[in-house]
Amino acid sequence: QAQVVESGGGLVQPGGSLRLSCATSGFPLDKRSFAWFRQAPGKEREGVSCLEGSNGNTYYADSAKGRFTISRDTAKNTVYLQMDSLKPEDTAVYFCAMGPPFVTNDNWSEKRVYDYWGQGTQVTVSS
């Protein structure tokens with residue numbers, strides 16, 4: 001049974017950094033795409049970043065470009081989201097999701113693409 005479990009959330013001041021981790025099981029990292037989504041109170045869940053399994057392509061939402069970096073450690077079966085220069089508007093519950101080996105620039109941020117989801121980890125950016 002495939003599974004993804006997030007960790008690493010917390011409270012950080014504006015301008016600070018956090019690294020989220022997504023521990024995976026059930027599939028090798030290069031056989032699946034993994035994405036980070038986030039959901040703020042009263043808002044829709046939105047795609048933040050994706051790392052395609054088949055060829056390692058990365059995708060980022062405009063709000064994440066230049067500040068967030070997605071990566072993977074195949075030996076540890078873990079996907080990471082390094083978040084720098086955090087802003088109060090980054091406050092949300094962050095979810096890791098596992099999807100098919102191939103995604104495109106047009107569909108990576110669509111929730112329906114992913115079939116396994118974690119429970120989420122809270123990120124709060126506040127002074």
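Cation-pi contact between Arg38 and Tyr94: absent, since separation from the ring centre below 6.0 Å together with deviation from the ring axis within 45° is not met. Judged by the 6.0 Å distance and 45° axis criteria, Arg45 is not positioned over the aromatic ring of Phe37.
Between Phe95 and Trp117, the angle of the ring planes goes over 60°, which puts this pair in the perpendicular group of the 30/60° scheme.
Criterion: ILVMFWY side-chain heavy atoms under 4.5 Å apart, direct or through other members. Under it, Phe27 and Leu29 are part of a common hydrophobic cluster. Taking hydrophobic clusters as Ile, Leu, Val, Met, Phe, Trp and Tyr residues chained together by side-chain heavy-atom distances below 4.5 Å, Trp108 does not share a cluster with Tyr116.
Taking the side chain as every heavy atom from C-beta outward, Thr69 and Leu81 never approach each other to under 4.5 Å. Looking at Val113 and Pro100, their side chains come closer than 4.5 Å, going by heavy atoms from C-beta outward.
Between the side chain of Glu6 and the main chain of Gln119, a donor-acceptor pair closer than 3.5 Å is present. For Ser49 (side chain) and Tyr59 (main-chain N/O), a donor-acceptor pair under 3.5 Å exists by modelled atom type. Listed for the Ser126 side chain is no donor-acceptor partner under 3.5 Å among the backbone atoms of Thr124. Side chain of Gln82 to main chain of Phe68: no donor-acceptor pair is present (N/O by atom type, distance under 3.5 Å, no hydrogens or angles). Without hydrogens or angle criteria, Ser33 side chain to Pro101 main chain gives a donor-acceptor distance under 3.5 Å.
Across all non-hydrogen atoms, the minimal contact from Cys50 to Val103 is SG-CG2, 3.8 Å. The minimum heavy-atom distance between Ser21 and Trp36, with the atom names listed, is O-CH2, 3.5 Å. The minimum heavy-atom distance linking Ser85 with Ser17 is given by the pair N-OG, 4.4 Å.
To the nearest 0.5 Å, atom CD of residue Glu46 and atom OG of residue Ser63 are 5.5 Å apart. Note that the NZ atom of Lys31 and the CE atom of Met98 stand 14.0 Å from one another [nearest 0.5 Å]. Taking CZ from Phe102 and CG from Asn57, the interatomic distance works out to 10.5 Å, rounded to the nearest 0.5 Å. Separation of atoms CD1 (Ile70) and SG (Cys22) is listed at 8.5 Å; rounding is to 0.5 Å.
The salt bridge (Lys or Arg N to Asp or Glu O under 4.0 Å) check on Arg67 picks up Asp90, with sequence neighbours excluded. Remark: Lys43 pairs with no residue by the side-chain hydrogen bond (donor to acceptor under 3.5 Å, both in side chains) rule, at least two apart or across chains.
In summary, of the residues considered (Val125, Leu20, Val48), a side-chain contact (heavy atoms from CB on, under 4.5 Å) with Met83 occurs for Leu20 alone.
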query = Can you check side chain to side chain contact (heavy atoms under 4.5 Å, CB included) on Tyr80 and Asp73, steps first, answer last?
reply = CA-CA 8 Å; Tyr80 301 100; Asp73 184 332; 3.8 Å; yes
task = Determine, stepwise, if the pair Leu86 / Leu18 fulfils side chain to side chain contact (heavy atoms under 4.5 Å, CB included).
result = CA-CA 8 Å; Leu86 283 162; Leu18 277 176; 4.2 Å; yes
task = Test Phe34 against Val4 for side chain to side chain contact (heavy atoms under 4.5 Å, CB included), laying out the working first.
result = CA-CA 10 Å; Phe34 291 87; Val4 294; 4.0 Å; yes
message = For Glu52 and Arg32: C-alpha separation, side-chain torsions, deciding distance, then whether side chain to side chain contact (heavy atoms under 4.5 Å, CB included) applies.
response = CA-CA 7 Å; Glu52 187 178 20; Arg32 286 282 189 154; over 6 Å; no
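Classification of Asp84 and Arg19 as a salt-bridged pair fails, no side-chain N sitting under 4.0 Å from a carboxylate O.
Atom CD of Glu89 has more than 12 heavy atoms from other residues, nucleotides or ligands within 6.0 Å.
Counted by atom type alone, Asn77 and Thr24 present zero donor-acceptor pairs between their side chains at under 3.5 Å.
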